[in-house]
Amino acid sequence: MVGDVGRAALASALAPLRVAISEVEHLVEMLARKDVVPELIGGPDERKPLLVVDGHLYSQRQFALEARVAAALRTRLQKQASVWTPQNIKFELQAVAADPPIRGGRAARLSDEQQRVLAGALDQHLTAISGGPGTGKTSIVASLLRLLVRLGVPSASIALAAPTGRAAHRLEQAVKDQLLALTGGDPRDAALLAECPEGKTLHRLLGYIPSQDRFRHHPNHPLEESVIILDESSMIDLSLMDHLLAALRPDAHLVLLGDADQLPPVEAGAPFRELSNAASAFHLTQSYRMDQRDPAGRNIFNTAQRIQAGDFSGVEKELTIRSAAADVAFDGAELLVQDPTAFLQRWSDRLIGEDAFLTLARRTFAFSNTLADHADTAALHAIFTRLDRQRLLCVTRGDGPTSVDAVNRFLHQRLRGTLSFRDRAAFSPGAPVMVVQNDPEHDLFNGDQGVILRAHGGKLMAVFPHANSFRVFDPAEFSRPLELAFATTVHRAQGSEFDQVALMLPDRDVPLLTRELVYTALTRSRKSAVIVGSIDQLRTAIGRQLHRFSGLGDRLRG
C-alpha cells in the first residue's frame, strides 16, 4: 500500500491538473510507494524533473521550451509593421486584385475575404492564416509575393517553406502556376516568375546539420530573408517552432498558413492551433479545391465539414454506403463496409494494372550520371502523374492487415506478379518509394517521394522529381533504406493533394483513430474519397477528438 505521506504529497502535487492521468497510474503508484514525489514534482520556480504550472504537468525541458516560444510569439504579435503605409498596401493590393490569374477561360479573382487577409498580413510581423481544404491559401501566397515585390521587397529576400519536401515543392509549383496564368503583362510579375523563391523544407531553410543534430541558423546567425512564408504549419511542433523563431531576424515577417483542424504535429505541442485562436489570426472559410459546383467535390466538402463538427448523423447522410468493392464508384464520399482485400485488388488494378503504366514500368531508361536523359522526361512525367493521382492512406504503420506495411507488401506483390518480376531486389520497377530520413547529401528530405525504374544494364534506380527535371540515385546509396509508398500514414499525407484517396480503417479500434485523422484524410482529395471500414469504427473515430494539452494558448492570451 502507498503510505499516507506519499499519497498526500502526490495528491497535493497533481490536484491542479485538468487532465486524467489513468495512463500513468502504475508509474505514479510506484513513485508514491517510494515516497519520492516531493523530490520529483514541484512548482514553476523549482528545479525539479516535473513541474505543475497553471493546471498543466510539464517536464522541466518542455516548460522552458513553451515559455521561450510564448515569449518570442508575443514579441512578434505585439510588433506592428511600419515599413509600409496602409495607403501603399491598399493601392498595390487593388492593382494585384485587378490582374487575376486566368484559368479555364475564367478569372480566379481574389475574394473580399482573401483581400482582407492579405492587407492584414502586411500589417504585422506574425500572421497566422488558417483555412480548411482548398480555401485559397496558395492564392494568398502567390498574391502576397506579388504585393511584396510591388512594395519593394526583393524576391531573394522572401523564403517559401513547408515541413515536408512534397509540400514545399507543391507550394512552389502552385505559385509558379498562378504567375504563369497572369495575362496583365506587368514586368514585376514576369521578374518574380523568373526569380521565384524555391520551396524548401523547413529543415533545409534552417540549415539542419544531421551529424551534429543542430541548425546552422540561430540567433547569432539568423536567416537573411526578411519575409518567411510557411505552409502546412499545423505540422510544426513546439521544438521546431522554437528553432524557427530563434533563427528569424528581429525585423522579419513570418506568415504561417495551415488548417488548424487537421492532425497536430507528431511531436509535442500544437503551436499553430494555439496561434489560430489568437485575436490577430485570420480564418478562410470558402473552399476552392473541392469545386462545390461539382457534385463529387461538394459531397466531399460537406462530409469533411460534418466530420469536423462531430456530426455523425450528418456524415451518414452525406456518405454513399457500399457493401462490395465492385460497387465503389470512386466519385464523391463513399464508405465500403466490407471486403478490404477485394478493395485493395481493385485499387491495384486501377493504379498499376493498366497497360499504359505497365509499359512505362517495363521500360529501360537512359539515365546519365545523376540526371534523367531529356528524352525520358515525358515518360517520367507520365509515370509520376499516374502515381500521384491517387493515394491509399492508413491509420497505423505496422499493426494489422490494413496497416501501411501490410498494404504496401500486398500491392508490391501484385506489381511483381503483373510484371512477372523475378529479381530478388527489394523493389520492382514501377514501385513508388519514399525517403524516411532527411538526407542533405542527396538534397532529399523526409517525405520526398520517387519511383524505382530500370536503367540500361538492368540496374534498378530511384528517380525523384527535381524542379522541372528528375534526379537518379542508386537505392543502396541512402543511409536509411527507402520505403515503399503505395500507401502512407495519414500523417505523412499532410501537405498533399490527390484526385482520389482511400482511407483504410484498422481492423480493431486504436487510439490513433480520431476525428482529426479522418478529416485530414478526406481533405487530401479533390474528387473521390473512399473510407474502407465499418460504420461502428467510423462512428467511434468521429466521436473521439485528439486533445493536445498545452499552456501556450494561455500564455499568448496572458
Side-chain angles (χ1 to χ4, degrees), residues 65-90 92-93 96 114-131 137 140-163 171 197 200 202 205-206 215 217-234 236 238 240-258 260 269 271-284 552-553 555-558:
L65 179 61
E66 185 180 278
R68 192 163 59 240
V69 169
L73 291 174
R74 279 199 308 270
T75 297
R76 292 191 175 275
L77 286 170
Q78 294 165 1
K79 184 185 295 185
Q80 294 296 309
S82 57
V83 179
W84 311 293
T85 66
Q87 292 77 15
N88 283 347
I89 294 173
K90 182 179 180 180
E92 298 297 354
L93 179 55
V96 167
Q114 290 173 316
Q115 293 188 53
R116 285 195 298 271
V117 171
L118 284 163
L122 293 172
D123 194 39
Q124 50 199 38
H125 278 72
L126 172 62
T127 304
I129 304 170
S130 178
K137 295 187 289 292
I140 293 286
V141 174
S143 299
L144 183 58
L145 287 173
R146 297 175 67 196
L147 266 172
L148 289 167
V149 168
R150 283 162 168 76
L151 290 168
V153 180
S155 58
S157 191
I158 305 170
L160 294 180
L171 176 64
K200 299 179 180 179
L202 186 51
L205 176 68
L206 297 177
F215 293 93
H217 293 287
H218 46 73
N220 295 326
H221 183 207
L223 293 165
E224 295 181 358
E225 291 86 353
S226 61
V227 181
I228 289 81
I229 303 172
L230 179 60
D231 198 15
E232 298 296 340
S233 298
S234 64
I236 305 301
L238 197 65
L240 193 52
M241 182 65 76
D242 179 49
H243 287 295
L244 171 62
L245 294 169
L248 297 178
R249 289 167 27 180
D251 62 339
H253 294 259
L254 176 62
V255 180
L256 302 171
L257 302 101
F272 181 74
R273 181 179 293 182
E274 301 287 6
L275 273 171
S276 70
N277 292 323
S280 59
F282 296 97
H283 296 268
L284 300 169
L552 181 60
R555 290 175 184 272
L556 293 177
R557 286 186 289 272

Rounded to the nearest 0.5 Å, how far does [atom2] of [Y] lie from [atom1] of [X]?
X      : Y      : atom1 : atom2 : value
Leu552 : Arg273 : CG    : CZ    : 12.5 Å
Leu230 : Leu257 : CG    : CG    : 8.0 Å
Gln115 : Lys90  : CD    : NZ    : 11.0 Å
Glu274 : Met241 : CD    : CE    : 11.0 Å
His217 : Glu224 : NE2   : CD    : 7.0 Å

Would you indicate whether the side-chain heavy atoms of [Y] and [X] approach each other to under 4.5 Å?
X      : Y      : answer
Leu148 : Ile158 : yes
Leu202 : Phe215 : no
Ile236 : Leu244 : no
Phe282 : Thr127 : yes
Val255 : Ile140 : no
Arg555 : Arg74  : yes

I need the minimum non-hydrogen distance between Val153 and Trp84, along with the two atoms involved. CG2-CZ2, 3.7 Å
Quick check: closest heavy atoms across Ser276 and Ala260, and the distance to 0.1 Å? OG-CB, 3.4 Å
Are Leu93 and Leu122 close enough, and set up right, to give a side-chain contact (heavy atoms from CB on, under 4.5 Å), and what steps lead you there? CA-CA 11 Å; Leu93 179 55; Leu122 293 172; over 6 Å; no
Using 30° and 60° as the class limits, which term best fits the ring planes of His125 and His253: parallel, tilted or perpendicular? parallel
Where does the angle between the aromatic ring planes of His221 and His218 fall among parallel (under 30°), tilted (30 to 60°) and perpendicular (over 60°)? perpendicular
Applying side-chain contact (heavy atoms from CB on, under 4.5 Å) to Leu77 and Leu275, what does each step give before you reach the verdict? CA-CA 10 Å; Leu77 286 170; Leu275 273 171; 4.3 Å; yes
Can a donor-acceptor pair be found, under 3.5 Å and without considering hydrogens, that links the side chain of [X] to the backbone of [Y]?
X      : Y      : value
Arg249 : Leu223 : no
Gln124 : Leu126 : yes
Lys79  : Pro250 : yes
Arg76  : Ala252 : yes
Ser233 : Gly258 : no
Lys137 : Gly131 : yes

side-chain contact (heavy atoms from CB on, under 4.5 Å) between Val117 and Leu284, intermediate numbers included: CA-CA 8 Å; Val117 171; Leu284 300 169; 3.8 Å; yes
Full working for side-chain contact (heavy atoms from CB on, under 4.5 Å) between Leu145 and Ile229: CA-CA 9 Å; Leu145 287 173; Ile229 303 172; 4.2 Å; yes
Member of Leu245, Asp242, Leu73 meeting the side chain to side chain contact (heavy atoms under 4.5 Å, CB included) criterion with Arg68: Asp242
